[in-house]
Amino acid sequence: MPSFMKILTNQKRQRLLNEAPAGDGAVVYVMAREQRIHDNWALIRALEIAAERQVPVLVLFPLAPMISTSARHNEWMITSLREVSSALAVYDIPFCIEYGDWEQSIPGFVKRHDIGEVVFDFNPLQPVTEWVNRAAALLPVRASMVDARNIVPAWEAAPKAAFAAYTFRPRIHRLLPEYLTEFPPLKQPTVPYSEPVPPVDWEVLRAYRACDHAEPIPNSFVPGETAASAQLARFLANTLPEYHLTRNDPNEFGVSALSPYLRWGNISAQRVALAVRAVLGHPDAKEAFLEELIVRRELADNYCFYTTDQLSLASMPTWAQATLEKHRSDPRPYLYSYETLAAAATHDPLWNAAQQQMVEQGKMHGYLRMYWAKKILEWTTDPETAIAYAIQLNDHYELDGQDSNGVVGVMWSIAGLHDRAWPERPVFGKIRYMNYAGCKRKFDVKNFETRYANATPTSLFT
DNA sequence: ATCGGCTCGCGCAA
DNA sequence: TGCGCGAAGCCGAT
């Protein structure tokens, strides 16, 4: 393509959120889920609008009080945002923080800075969707969201929640040629913002959300955009070549270890996909990884985007609701409290080791996440409790927690989402069953148990 | 070691 | 209306 031709963002990545007209003032990108400055379609689109209108651009991070957090998530966010802030400064783009509920803080910011248009990044998780909709409805200027998370925008990929991966996969593959494209380079705004912007007080940010600051933070991952690119490079060089052979063995370093970075938006899945496509390697390895990176990841956002009650059994397929209802009162072989589970103190050494890996390293191996969640269904009083405990543990300890992939992973394991019926048995009904014997058939269970029985296990992710 | 049966319903071909 | 097939299953038979 000749260099004088301007590459514009595909307009289908953007969705209007209100009917107000754009004003004359600056464009603000409301950064929330995508904590990076490169390869970010929401920022790119905000810069494009500003260039067309010859107005400045600001980036706003609106921190709401009511999401619970853990020390590890709080620190990850702060480190990511410090990097965003200094990287934006190089491009002369102001970075601002607002505290409070979005329906107050965002309209307040818009009024104070005489903003002409607002661009949100897309997040289908409840309650964030509600926050965005309410804030946008109160704004006197045009507001939109840009899907900077998925390669194929969630509203373009499918018109409804997909029944399973096989109904979603062909749609994604059909649309990839249109959307899996190179990003335009990040450019300085043509008009700088001239008003003074107060510097961020990082200690105020750290203290804003309540959490146990004494809780240990895993040192197995370095947060932020630079570290994310470094991890991608390591993955491509060391792990991708045998990905298809080693990914399901929890004893191997066979995974990308990119999920925390993808969760915080420190790296774009589109950038990862372009890099994997470009590298030489075994087609099976590349195909297996791209299936997870693209189809399975975007299926999770598809479920959340089209489902209001994301953790409710009522949102599950009919067969799954019926079978869990039928087996609701089945006696459970063991019953554990949340505290016993969190302390990795069950009778099952493999389950305890998986739980321990999550607590100490902030990331449980993907294969074990299924076994882990299914055992919570088996060892708690009812499916609702199992879902609540699994989500609470996931969202507290996993560095990639509080994300659509966690929601769908838990609902797949416990409640049959995107899965099919299997032979009926106690407690599970027709939900796919997994057990210790199956794990022994597939990998060296004793080795994994030994590794995570100690207080400070060797990290598999660094 | 490998294989068939278990079980449901979507989406498409006919 | 019939048919193929699906994220990682388990289990018993061969």
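Convention: sequence-line order gives letters A, B, ...; per-chain numbering from 1.
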Assess the residue pair A:His418 and A:Tyr166 against the criterion (side-chain hydrogen bond (donor to acceptor under 3.5 Å, both in side chains)); give the C-alpha distance rounded to whole Å, side-chain angles, the decisive distance to 0.1 Å, and a yes or no. CA-CA 9 Å; A:His418 299 153; A:Tyr166 74 92; over 6 Å; no
Nearest-Å distance, CG (A:Leu417) to P (B:dG9)? 15 Å
Give a yes/no on whether any side-chain N or O of A:Lys430 is located under 4.0 angstrom from OP1 or OP2 of B:dC8. yes
Between CD of A:Gln321 and P of B:dG9 the distance, given in whole Å, is 12 Å
Rounded interatomic separation in angstrom, taking OH from A:Tyr371 and P from C:dC10: 10 Å
Electrostatic pair A:Lys12-A:Glu178, nearest N-O below 4.0 angstrom: yes
To the nearest Å, give me how far apart CZ (A:Arg247) and P (C:dA7) are. 12 Å
How does DNA chain C look in dot-bracket notation if pairs are Watson-Crick or G-U with both distances under 3.5 Å, crossing ones as [ ], other-strand ones as |? ||||||..||||||
Could you work out the separation of B:dG11 and C:dA8 based on their C1' atoms and round it to a whole Å? 24 Å
Could you tell me whether the side chain of A:Val118 reaches within less than 4.5 Å of the side chain of A:Leu17, counting heavy atoms only? no
How far apart are the C-alpha atoms of A:His327 and A:Glu424, what are their side-chain angles, what is the distance that settles it, and do they pass the side-chain hydrogen bond (donor to acceptor under 3.5 Å, both in side chains) test? CA-CA 10 Å; A:His327 292 271; A:Glu424 196 167 4; 2.7 Å; yes
Touch check for A:Arg296, heavy atoms < 4.0 angstrom, all strands: base, sugar-phosphate only, or nothing? base
Distance between the P atoms of C:dC10 and B:dG9, in whole angstroms? 23 Å
Lys/Arg N to Asp/Glu carboxylate O, A:Arg142 vs A:Glu19, below 4.0 Å: no
Aromatic ring proximity, centroids under 6.0 angstrom, A:Phe163 and A:Phe168: no
Close aromatic pair by centroid cut-off 6.0 Å: A:Tyr334 and A:Trp351: no
Using a 6.0 Å distance limit plus a 45 degree cone around the ring axis, check whether A:Lys374 lies over the aromatic ring of A:Trp412. yes
Taking the ring of A:Trp372 and the ring of A:His365, is the distance between their centroids below 6.0 Å? no
Please state how far atom CD in A:Glu291 lies from atom C1' in C:dG6, giving the value in whole angstrom units. 11 Å
Can you pull the ring pair (Phe, Tyr, Trp, His ring centres under 6.0 Å) pairs that have at least one residue in residues 423-442 of chain A, sequence neighbours excluded? A:Phe428-A:Tyr433
Quickly work out the A:Trp412 CH2 to C:dG6 C1' distance and round it to whole Å. 12 Å
With heavy atoms under 4.0 Å as the rule, sort A:Trp319 into base, sugar-phosphate or nothing. sugar-phosphate
Judged by nearest nucleotide, the residue sitting upstream toward the 5' end of DNA chain C, A:Arg420 or A:Tyr367, is A:Arg420
Tell me what A:Asp419 touches on the nucleic acid: a base, only sugar-phosphate, or nothing, going by heavy atoms under 4.0 Å. nothing
Phosphate oxygens OP1/OP2 of C:dA7: is one of them under 4.0 Å from a side-chain N or O of A:Asn248? no
What's the gap between C:dG12 and B:dT7 when it is taken at their P atoms, as a whole Å value? 15 Å
Using a 4.0 Å heavy-atom cut-off across all strands, classify A:Arg441 as base, sugar-phosphate, or nothing. sugar-phosphate
To the nearest angstrom, the CH2-C1' distance between A:Trp422 and C:dC5 comes to 11 Å
Please list, by residue number, the residues of residues 158-174 of chain A whose heavy atoms come closer than 4.0 Å to an atom of DNA chain B; answer none if no residue qualifies. A:Lys160, A:Phe163, A:Tyr166, A:Thr167
Would you mind reading off the distance between A:Ile431 atom CD1 and C:dC10 atom C1', rounded to a whole angstrom? 15 Å
